[in-house]
Chemist: 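One structure, pasted below without further comment.
Keep in mind that this is a model prediction, so the values were computed, not measured.
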Amino acid sequence: MSRLSTSYLAADESRPVLEMTVGDLLRDAAAAAPHAIALVEGTPDPEGRRRWTYAELLAEAEQAARALLGRFEPGERVAVWANNIPEWVLLEHAAALAGITIVTVNPALRAEELTHVLGQSRSSGVFLVPEYRGTTMTKLLDEVRGDLPALREVVSFADWDKFTASGSPSLALPEVRPLDPAQVQYTSGTTGVPKGAVLHHRGIVNNARFYTGRVGMPAGCVYLNPCRCSILPAA
C-alpha cells in the first residue's frame, strides 16, 4: 500500500510570468497583428455577425476608456450585467485601459442576489442589457436601487455608441500596473450567497497565455467561448 508523503509541487518556471496589464496585452496584439480578426459576434446569421480587427478593438476600447473616465475614477468598480455581447468585451478592455475594475454579474440573478453583488462590490456604476430572457433589467434594478447607495451611474448597452462618443479624445489614459485589480468575478451562489474573487491584471494575462499554450492554440486560430467573453493574445 503506497502513501502520499509529499504534497508540494514545485512551480513550473519553464515559461516566465509576464509583468503586463490587460491593456498592455491588447496594445501588443494590435501592434503585432493590426488587421487580424480579434472578435466575431456570435449570432445565428453569419451575415449579421459584426467583426473587429485588433486595431479596431483597441481604438474602440480606448475611446470607451475615455468615456468611462468621464464618469468614474481609476480604481472604482463598475459592474457589467449582461449576456455575451461584443460590447461586453469592449467594456472589459476599456475598463482595463482606464484602471477601472469590472465586476461581472450573472444576468440571471434576481433582486436579492443582485443587491448582494452590487452592494458588496461597492459598484459605482452598472452596464446592462435592456432585457434578458423576458426580464426587463432596468425595472429589476429600479426595485433594488434604494439599497445601493454607492451606485450612481446606470448605462444601457443599447446606448453604447452614445456612451463611447461622450469620451474626450484628448483625455490621457492613466498608468495601470500589473498588480492592480482588473476584475471581481462572482460565483453562482449555489452553495450560499455569491462570493467575489478579485483578479489582477498579471493573473488574467498569464492565465490566458498558459491556457492557450496548454491546449495548443497557435497564432491565428479561432475559438468559441460559450461561457463568458474574453480576448486571447494574437501571437
Chemist: CG of L57 to NE2 of H93: how many Å apart, nearest 0.5 Å?
Modeler: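 Taking CG in L57 and NE2 in H93, the distance rounds to 6.0 Å.
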Chemist: Out of E92, H201, H200, which one pairs with Q183 under the side-chain hydrogen bond (donor to acceptor under 3.5 Å, both in side chains) rule?
Modeler: E92
Chemist: Heavy atoms, side chains only, cut-off 4.5 Å: are V154 and L141 in contact?
Modeler: yes
Chemist: Can you tell if the side chain of S124 reaches within under 4.5 Å of the side chain of R77, non-hydrogen atoms only?
Modeler: no
Chemist: For residues G99 and P174, report the shortest heavy-atom separation together with the two atoms involved.
Modeler: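 Shortest heavy-atom contact: N-CG, 4.4 Å.
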Chemist: Go through the side-chain N and O atoms of D12 and S14 and say whether any donor and acceptor fall under 3.5 Å apart.
Modeler: yes
Chemist: What distance separates M20 CE from R209 CZ, expressed to the nearest 0.5 Å?
Modeler: 8.5 Å
Chemist: Heavy atoms only: give me the nearest A98-L69 pair and the separation to one decimal.
Modeler: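 Residues A98 and L69, closest heavy atoms: O-CD2, 3.6 Å.
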Chemist: Do R177 and D180 meet the salt-bridge criterion of a basic N to acidic O distance under 4.0 Å?
Modeler: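 Looking at D180 and R177, the cut-off is met.
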Chemist: Would you check, one step at a time, whether the test side chain to side chain contact (heavy atoms under 4.5 Å, CB included) holds for L97 with R27?
Modeler: CA-CA 10 Å; L97 292 165; R27 289 180 176 121; 3.3 Å; yes
Chemist: Do you know which two heavy atoms are closest between Y54 and A29, and how far apart they sit?
Modeler: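 Closest approach of Y54 to A29, heavy atoms only: CD2-CB, 3.6 Å.
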Chemist: Among the clusters formed by ILVMFWY side chains lying less than 4.5 Å apart, do L18 and L25 turn up in the same one?
Modeler: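 Same cluster: L18 reaches L25 through Ile, Leu, Val, Met, Phe, Trp or Tyr contacts under 4.5 Å.
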Chemist: Is it the case that more than 12 heavy atoms not belonging to E112 sit under 6.0 Å from its CD atom?
Modeler: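 Counting other residues, nucleotides and ligands, CD of E112 stays at 12 neighbours or fewer.
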Chemist: Decide whether V103 and V89 are clustered together by the hydrophobic rule: side chain heavy atoms of Ile, Leu, Val, Met, Phe, Trp, Tyr closer than 4.5 Å, transitively.
Modeler: yes
Chemist: Just by modelled atom types, is the D45 backbone N or O under 3.5 Å from a matching donor or acceptor in the T43 side chain?
Modeler: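 A pair under 3.5 Å: yes.
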Chemist: So if you build clusters from Ile, Leu, Val, Met, Phe, Trp, Tyr with side-chain heavy-atom gaps below 4.5 Å, do L151 and V184 land together?
Modeler: yes
Chemist: Test of understanding: clusters of I, L, V, M, F, W, Y form through side-chain heavy atoms closer than 4.5 Å, transitively. Do L118 and V198 belong to the same one?
Modeler: yes
Chemist: Would you give the length of the straight line joining atom CG of L90 to atom CG of L39, rounded to the nearest 0.5 angstrom?
Modeler: 6.5 Å
Chemist: For the CG atom of D161 and the OG atom of S166, what is their distance to the nearest 0.5 Å?
Modeler: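 If I round to the nearest 0.5 Å, the distance is 11.0 Å.
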Chemist: Side-chain contact, heavy-atom cut-off 4.5 Å: P86 with R50?
Modeler: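 When only atoms from C-beta onward are counted, R50 and P86 do touch, with a gap below 4.5 Å.
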Chemist: Determine, using ring centers only, whether F127 and F163 are less than 6.0 Å apart.
Modeler: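 That pair passes the under 6.0 Å test.
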Chemist: Might you point out which heavy atoms bring L109 and W81 nearest each other, and give the distance in Å?
Modeler: O-CZ2, 4.1 Å
Chemist: Should the heavy atoms of other residues, nucleotides or ligands under 6.0 Å from NZ of K162 be counted, would the total exceed 12?
Modeler: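 Incorrect, the count does not exceed 12.
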Chemist: Under 4.0 Å between a side-chain nitrogen and a carboxylate oxygen: does that hold for R202 and E19?
Modeler: yes
Chemist: Within the structure provided, determine whether S168 and R66 are in side-chain contact (heavy-atom separation under 4.5 Å).
Modeler: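 The answer is no; the side chains never approach within 4.5 Å.
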Chemist: Sub-3.5 Å donor-acceptor pair from the side chain of E131 to the main-chain atoms of R133, do we have one?
Modeler: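 Judged by distance alone, yes, a pair lies under 3.5 Å.
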Chemist: Rounded to the nearest 0.5 Å, how far apart are CG of L91 and CG of L68?
Modeler: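 It is 6.0 Å, given to the nearest 0.5 Å.
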Chemist: Examine the side chains of R110 and T135 and answer whether a donor and an acceptor come within less than 3.5 Å of each other.
Modeler: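 A donor-acceptor contact under 3.5 Å links the two side chains.
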Chemist: Is there a path of hydrophobic side-chain contacts, each under 4.5 Å between heavy atoms of I, L, V, M, F, W or Y residues, that connects L173 with L171?
Modeler: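 Shared cluster, yes.
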Chemist: For T53 and I37, what are the C-alpha separation, side-chain angles and deciding distance, and is it a side chain to side chain contact (heavy atoms under 4.5 Å, CB included)?
Modeler: CA-CA 4 Å; T53 64; I37 294 297; 4.2 Å; yes
Chemist: Compare every heavy atom of P44 with every heavy atom of P46, then report the nearest pair and how far apart it is.
Modeler: CD-O, 3.2 Å
Chemist: I need the minimum non-hydrogen distance between G75 and T101, along with the two atoms involved.
Modeler: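 It is O-OG1, 4.5 Å.
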Chemist: Closer than 4.0 angstrom, basic N to acidic O: yes or no for R71 and E76?
Modeler: no
Chemist: Show, in sequence, the C-alpha distance, side-chain angles and deciding distance for I85 and W160, and conclude whether the side chain to side chain contact (heavy atoms under 4.5 Å, CB included) test is met.
Modeler: CA-CA 12 Å; I85 55 176; W160 178 255; over 6 Å; no
Chemist: Just by distance, no angles: are the side chains of Q185 and T104 close enough, under 3.5 Å, to form a donor-acceptor pair?
Modeler: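 Result is no, nothing qualifies.
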Chemist: Got a second to check how far T136's OG1 is from L128's CG, nearest 0.5 Å?
Modeler: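 Answer rounded to 0.5 Å: 11.0 Å.
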Chemist: Counting only N and O atoms by type, is there a donor-acceptor contact under 3.5 Å from the side chain of T21 to the main-chain atoms of V176?
Modeler: no
Chemist: Quiz question: by atom type and distance under 3.5 Å, do the side chains of Y186 and Q120 form a donor-acceptor pair?
Modeler: yes
